[in-house]
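Here is the structure we will look at, set down as structure tokens.
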Amino acid sequence: MNQKITAGQPSVPMKKGLRRFRSLPFRIEYDPHKKSGGWWIPLLSIGAALAICALFIALNGMNPAVVYGKMLQGAFGSSFGFSETLVKAIPLLLCGLGVAIAYRISIWNIGAEGQLIAGAIGATAVTIFAPNLPGPLYIPVMMLAGAAAGAAWGLLTAIPRAFFQVNELISSLMLNYIALLLLDYFVFGPWRDPEGFNFPGTPIFTPSQMLATIGGSRLHFGLIFALIAVAVFAFLLSKTRWGYELRLLGANPSAAAYSGIKANKHILIVMMISGGLAGFAGMLEVSGTAHRLMYGISPGYGYTAIIIAWIAKLNPWAMIVSSVFIGGLIVGGYSVQTIGLPSSMSLMLQGSILFCLIGGEMLSKYRLKRVSEEGK
Amino acid sequence: MDLFILLITAAISSGTPLLFAVLGGIISEKAGVINLGTEGIMLIGAVISCIVFIQTGNLFVTLVAAVFAAAGLGFIHAFLCISLRSNQIVSGLAITLFGTGLSAYLGKAIAGTALAVSVPKIKLPWLESVPFIGRIFSNLDLFIWVSVALAVLLYLYMYKTSLGLHLKAVGDSPSTSDVMGISVAGYRYFHVIAGSMLMGLAGFYLIMVYSPNWIEGMTAGRGWIAIALIIFARWNPLYALLCAYFFGGLDALGFRIQLFDIGIPSYFLKMLPYVSTILVLMFIGWKNRHNPPAEPTSLGIPYFREQRF
């Protein structure tokens, strides 16, 4: 593969086999400066990923068309299905924004899962430790507590990274497992509902601790907050000095250092924002969707957020589309359980979408070039 | 004393899957390619082992199947990172997500089936009479010795042969190696795929010896701990041996303490390996704060022959 990619001016004498290859009227060439393709790359990649997974489904003796039809129908085919899809899209969008801002400065935060759980625990702590707050105060205090807990969890990744050169991929992932165990401790232990028939969860929240829903569905007002977050994110990144500094830091860290941008300060701030957004999503989950803290509060939103960010190429507006799409994939994944497939099907699809996506992105940087006669 | 021996034995057996995975990661990173798919590859290795063992009952066939399934994922990673020059981190994450999903999908039917597997044990009668050491080492299973032998062989390969020097060159300065006539892509492909095979072996050991029944997500972060151990081991297979047993020991310790009911909830004891991974990495970072990084210089950077520096 590698030999076929030849430079414009080969300085090394070509081997025989390669010369024959070069006598073709065109050659395949890699151009690192070519801008990678447009909106159609993600679409093609998703198509390729669906095809790969169809193969696995077929190998398992199922008809892929039936499975995909069932998923599509489950996710978008009814107003109930669609509102469920949006319910899933809210935490995905917020976590996706969170990881995207970290990726902007090459901080590989894969700890959104743990930060979301920390936020859910933080928000629930308000309901446990302050049972007598005036009603209208609950939602704002819980939001603050959730975001603060998420930000603190993010700092646990940022501080080792900034001051001890600890690889943030590993530390943020370890913190996911720690957060998950902490959640289990609370819901199986001290916070478990005494009247819950051993259900691993806290008591159901009081109405003033729940987010209002939109028009009788399970869709809650968190949607509005998520959309506001997108707009704020887009504005901060493209219109402010701070956003410019982040872009510079991401594009060329040494140039940024010479121009006096303090990388460590940005790492701390960005990880707090990143964790704060995920923590906020965790608060929305407990207060808007589950109405209690319970075992398995997040079905892997934090990991899926990585894909949301990459499908959208870290663009906040495009993330609205990608989160609804992946939200649909998750809801569709639940609906195939009725025909005996595990819901982890959607995880498999997500993984293959991601590698088709990055593969497609790089493939689009190759181009066919006509070889002129002198070039021989 | 008995307890201590028990703990060391447990540390060795829970450290062995880590050791396989760390060795796989080391050779891949030595060639300059980060493989963050470890967790997914281990899961695929484990689930394929389980399926094939139920079908055939033959340990060797199972081993081959697991290793080749892992090699398949390794090839995808290699193709994306080496031929297409994608971002190695994202590609590795994709492998992990895909492997986690696919293993859950494939393992749905066999979840919870206990495997009646007996791995051959190496008996060393002449060691048995030695106190302490004899109790630990005279009756270990075959794959523990295989993993130790692999660590030693990889050490010799990396530090004492010219091929190993080529490997180091490819990871440190691919452009120089290219000029010297070493095939950068060839070395990278070979070591990424071979590394993935070792990770598949880690999954195989995990399910065949350590806990012989398939549970969704049974690696529980061991793949990620293995990635941290690569840094801990300074990319040296012999250090990896010690690091893997140390972390295996922590894992085993958390499990043993639960049996004594000392008032700490088991959830906190289960955090032990994860918390110590972060603390150890912080300690290493602090200790080496004035030293140049020990990692291969071109780790994570795709190689373009025409790129100017």
Q) For the candidates B:G221, B:G40, B:A94, which exhibits the highest count of non-hydrogen atom pairs separated by less than 4.5 Å from chain A? A) B:A94
(Q) For the CD1 atom of A:I358 and the CG atom of B:N87, what is their distance to the nearest 0.5 Å? (A) 7.0 Å
Q. Step by step, would you call A:I110 with B:W224 a side-chain contact (heavy atoms from CB on, under 4.5 Å)?
A. CA-CA 12 Å; A:I110 51 173; B:W224 293 98; 3.7 Å; yes
Q: Can you tell which part of A:I306 gets under 4.5 Å to a heavy atom of chain B, answering side chain, backbone, both or neither?
A: side chain
**Q.** A:Y68, OH: over 12 other non-hydrogen atoms inside 6.0 angstrom
**A.** yes
Q: Find the distance between CZ (A:F164) and CH2 (B:W286) and round it off to the nearest 0.5 Å.
A: 9.0 Å
Q: Tell me, with the steps shown, if A:M174 and B:I225 meet side-chain contact (heavy atoms from CB on, under 4.5 Å).
A: CA-CA 8 Å; A:M174 294 294 124; B:I225 291 179; 3.6 Å; yes
(Q) Taking side chain as everything from C-beta outward and backbone as N, CA, C, O, which of these in B:I89 sits under 4.5 Å from a heavy atom of chain A? Side chain, backbone, both or neither. (A) side chain
Q: Take A:W108 and B:V90 through the test side-chain contact (heavy atoms from CB on, under 4.5 Å) and record every step on the way to the result.
A: CA-CA 9 Å; A:W108 298 97; B:V90 187; 4.0 Å; yes
Q.
Can you give me the closest heavy-atom contact between B:I278 and A:S171, atom names plus distance?
A. CD1-O, 3.8 Å
Q) B:I231, B:L36, B:L106, B:L80: which one forms the most heavy-atom pairs within less than 4.5 Å of chain A? A) B:L80
Q) CZ/B:F98 to CD1/A:I353 distance, rounded to the nearest 0.5 angstrom? A) 11.5 Å
Q: First locate atom CD of B:E295, then atom CG of A:N167, and finally report the distance between them rounded to the nearest 0.5 Å.
A: 8.5 Å
(Q) So which atom in B:M282 and which in A:P160 form the shortest heavy-atom distance, rounded to 0.1 Å? (A) CG-CB, 3.8 Å
(Q) Determine whether B:F268 and A:Y185 satisfy the following criterion, ring pair (Phe, Tyr, Trp, His ring centres under 6.0 Å), listing intermediate values before the conclusion. (A) CA-CA 8 Å; B:F268 292 102; A:Y185 166 69; 4.7 Å; yes
**Q.** Between CG on residue B:L93 and CG on residue A:L169, distance to nearest 0.5 Å
**A.** 6.5 Å
Q.
With a 4.5 angstrom heavy-atom cut-off, is it the side chain or the backbone of B:E39 that approaches chain A, or both, or neither?
A. side chain
Q: List the steps and the verdict of side-chain contact (heavy atoms from CB on, under 4.5 Å) for B:Y267 and A:F186.
A: CA-CA 10 Å; B:Y267 304 102; A:F186 282 125; over 6 Å; no
Q) So do the side chains of A:L182 and B:M271 get within less than 4.5 Å of each other, counting heavy atoms only? A) yes
Q: With rounding to the nearest 0.5 Å, note down the distance linking OH in B:Y105 to CD1 in A:I57.
A: 5.5 Å
Q | Part of B:T277 within contact of chain A (heavy atom distance under 4.5 Å) | A | side chain
Q: Tell me, yes or no, whether the heavy-atom count around A:Q165 atom CD, taken from other residues, nucleotides or ligands under 6.0 Å, exceeds 12.
A: yes
